[in-house]
Amino acid sequence: MATAEAHQDDLQSRLAAVLPKDKQFHIYHLSTPPTKCDALCSPPPNERPDRTYCEKHFLAVSIDHHVPVEHDADKQVFVLGIEVLIFSTVHATTIFISKADSTGYLHLLGLAPGSRTPSPIREVCATFINFLIDKRRRKEIQLVVSLFARAQAQYLFPGSANNQGKHVLDDRGLVKWWCRVLDPLLSRRGLGTTDGYLVVPGHDAHETRAFLPRGASASGRWTPADHPLERISHYTREFDWVPPRCLIPRYPDDPKSRFRDELDEEASKTGHFRTTGGWKSVRTLETFWEMMAFRQECSSGRLTGFIWIVFDDEGKENVTGPDAASKQRPLDVAPETPRKQQRTFSNTTPTTTPRKLFPSGDSSNPTVDARTKPSSSKRKLAKEKTKKKKKKLSGIIIPRLPRIKTAQRNYLLDRPVHTAYYSWDPSGRGERVVREDDYRRMVELLLHLDFATLDKAAHSTRRWVTEVGAGSGSSWGRTVTGAREPQVAVQTEANVGGQQQQQQQQQQQVNNLTGLVKRKRTDSSTAAAEVNVLGAGLVRKKPKAVEEQAAESEVNVLGQGLVRKKPKP
């Protein structure tokens, strides 16, 4: 109990330092213990998949509103929700940002429009990610922050797209927003070498650089139009060559994962896939990303972005293993022994030369001998030794007395804290630690609520908080009061005087332009008068002379004679 309170105090103090002063927020942190799951990357042929554990975190933030609603008890309304998945193996820890969404009711706080304080939504997301990095960071183990940016009207709060106060970013704005959120991670100290990568399918390095934030960190630490898949995979440090499909991680709701599954299904019918574990149509990662621009969500006419932040304790030199030529060699060429490489991580293979992916089968090869399966006779002897003789029960049967349960205990907390595969520090857990099934049910409950109006959003907030906190014995959630001073632009006397002079100069320039406009109006008025006179002369004929009137009368008489005949004598 003390560790949970210490954790909440740590997260609470971090959020209070970045939130607006004297504004109250309510945080609800939900998490699961590390649970064994499928490996992110497929192993090379004849290799076992990495033993992987997944830990899920969900953070919901609500505020108090003073707008009258239908139910007086509904005083809170959600403004933000973010879900983060942490995948841990012996070789690396991956923090994957799964979903993040807002409801659009943050304006109910009444923040000063003239303040230059960063958005609370962005500050909460950045602080929560920093918190998880500090709590799940393992010494001499690589850590990766990854996400997929795709613009959508709503992710976690159904009906919030109908709220007019919600500001939905477009595809370009969302990629830029996430780059600004993760950019401060590159300037953190004490985490070794840190680099950022951004891939926007269909854009080259020059076009991708426009999405990165301005500043020294953006120019020196970001690598546009490039990916770290070869850097973060331990297979490239252990083998001379690895198929591209073994370097692409499988994240939930990720387009590159779905594209990889399509290529696997297409190539699974061929013998080439069974022997080498690679695709016949896509043989390099560069080809994969080129085709990615025309597949999945990337081809729907909207931009998408893949972002990585990689933390290495000992730098990135020689981390990718063999040279690029050996890694991108076609599948029909036999692998060659690569050059020697220095050991960069303490948990990698102890040999300096990577193993061949397809060994020749020579008995002198210690790798092949070590991986040779035992014979059937040896396995039978091992099974016989493990068999135990069944003991026959005899005697009087003594019934076991029932025990009355006087306190509720969460047996999930009895799991080991530090293992070779993960680190589950108590200070980095959620306020409520639940099982995987319960966590899925709680998130699904949120996806079935309605946040279209303030009345519905407040009622949905109260229902989710009540049902998730049921059985905890007391109301859960912590209240955070912001302590960050708003940065309002202060105008000094000198600045005011300078602004007044500039305004006077602008007024003089405007007056001069007004004079020019007046002159143009005067000229145009005279021209219009001339045009009117000319038009009047064309429409109304001038008074004719007497001779012309007589000729006209004759013409009229002639015309009358032609029409009406004269009476006969």
Side-chain angles (χ1 to χ4, degrees), residues 15 18-20 23-28 30 58-84 97-115 117-128 147-178 180-181 253 297 300 302-304 442-468 477 479-480 482:
L15 293 176
V18 298
L19 293 176
K23 301 296 182 180
Q24 287 189 352
F25 296 82
H26 304 277
I27 57 174
Y28 303 92
L30 193 69
F58 183 80
L59 180 70
V61 182
S62 66
I63 61 173
D64 295 328
H65 66 89
H66 303 285
V67 180
V69 293
E70 182 178 356
H71 303 281
D72 295 337
D74 302 336
K75 296 298 183 181
Q76 296 184 21
V77 60
F78 280 144
V79 295
L80 172 65
I82 179 172
E83 184 183 28
V84 179
I97 304 173
S98 177
K99 296 181 180 65
D101 193 11
S102 63
T103 59
Y105 296 105
L106 188 63
H107 66 277
L108 298 176
L109 284 180
L111 299 177
S115 62
T117 305
S119 171
I121 301 296
R122 188 177 71 183
E123 293 298 319
V124 170
C125 293
T127 303
F128 187 56
L147 67 90
F148 167 63
R150 174 185 58 190
Q152 192 170 328
Q154 56 191 21
Y155 276 103
L156 294 171
F157 302 105
S160 60
N162 300 328
N163 179 21
Q164 299 180 356
K166 183 175 182 178
H167 179 58
V168 180
L169 295 175
D170 57 355
D171 46 4
R172 299 181 65 91
L174 184 63
V175 175
K176 292 181 179 179
W177 188 84
W178 275 116
R180 289 196 303 269
V181 171
D253 194 18
E297 293 90 336
S300 60
R302 309 185 70 175
L303 298 179
T304 56
M442 294 172 183
V443 176
E444 287 292 334
L445 173 62
L446 187 65
L447 299 179
H448 286 81
L449 299 177
D450 192 0
F451 295 85
T453 61
L454 179 59
D455 190 7
K456 295 179 180 180
H459 178 69
S460 300
T461 301
R462 183 170 63 89
R463 179 183 174 185
W464 189 86
V465 172
T466 303
E467 293 193 15
V468 173
T479 302
V480 178

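Residue numbers count from 1 along this sequence. Note that the structure is a prediction, hence the values are computed from the model and not measured.
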Inset, instruction - Look up atom CD in Q164 and atom NE2 in H107, then write down how far apart they are to the nearest 0.5 Å. - result: 10.0 Å
Legend entry - L111 CG to K23 NZ distance, which is reported to the nearest 0.5 Å: 6.0 Å
Legend entry - Q154 side chain to A161 backbone, donor-acceptor under 3.5 Å: yes
Inset, instruction - Evaluate the side-chain proximity of V61 to L15: yes if any heavy-atom separation is below 4.5 Å, no if none is. - result: no
Inset, instruction - Supply the atom-to-atom distance L19 CG to F25 CZ, rounded to the nearest 0.5 angstrom. - result: 5.0 Å
Considering only distance and modelled atom types, tabulate donor-acceptor pairs under 3.5 Å from the side chains of residues 442-453, sequence neighbours left out.
residue : atom : partner : partner atom : Å
H448    : ND1  : E444    : O            : 2.7
D450    : OD1  : A452    : N            : 3.1
T453    : OG1  : K456    : N            : 3.4

Legend entry - Nearest-0.5 Å distance, CG of residue D171 to CG of residue L303: 4.5 Å
Inset, instruction - Write down the atom of H65, the atom of A458, and the distance for their closest heavy-atom approach. - result: NE2-CB, 3.9 Å
Legend entry - Minimal non-hydrogen separation, L169 against G173, with atom names: CD1-O, 3.9 Å
Legend entry - Q76 CD to I63 CD1 distance, which is reported to the nearest 0.5 Å: 9.5 Å
Inset, instruction - Mark yes or no for whether D253, through its side chain, and S98, through its backbone, hold a donor-acceptor pair below 3.5 Å. - result: no
Legend entry - Aromatic plane relationship, F157 with F78 - under 30° parallel, 30 to 60° tilted, over 60° perpendicular: tilted
Inset, instruction - Find the distance between OG (S62) and OH (Y105) and round it off to the nearest 0.5 Å. - result: 14.0 Å
Inset, instruction - Carefully, step by step, assess I97 and W178 under the rule side-chain contact (heavy atoms from CB on, under 4.5 Å). - result: CA-CA 11 Å; I97 304 173; W178 275 116; 3.9 Å; yes
Inset, instruction - Taking the side chain as every heavy atom from C-beta outward, state whether P20 and L109 have any atom pair closer than 4.5 Å. - result: no
Legend entry - Beyond-backbone contact of V465 with Y28, side-chain heavy atoms, under 4.5 angstrom: yes
Inset, instruction - Using a 4.5 Å cut-off on heavy atoms from C-beta on, say whether the side chain of V77 contacts that of L454. - result: yes
Legend entry - Steps toward side-chain contact (heavy atoms from CB on, under 4.5 Å) verdict (H167, L106): CA-CA 10 Å; H167 179 58; L106 188 63; over 6 Å; no
Legend entry - Validation row: W177, C125 side chains within 4.5 angstrom (heavy atoms): yes
Inset, instruction - Check each of L80, V480, V18 against V124 using the side chain to side chain contact (heavy atoms under 4.5 Å, CB included) test, and report the only one that passes. - result: L80
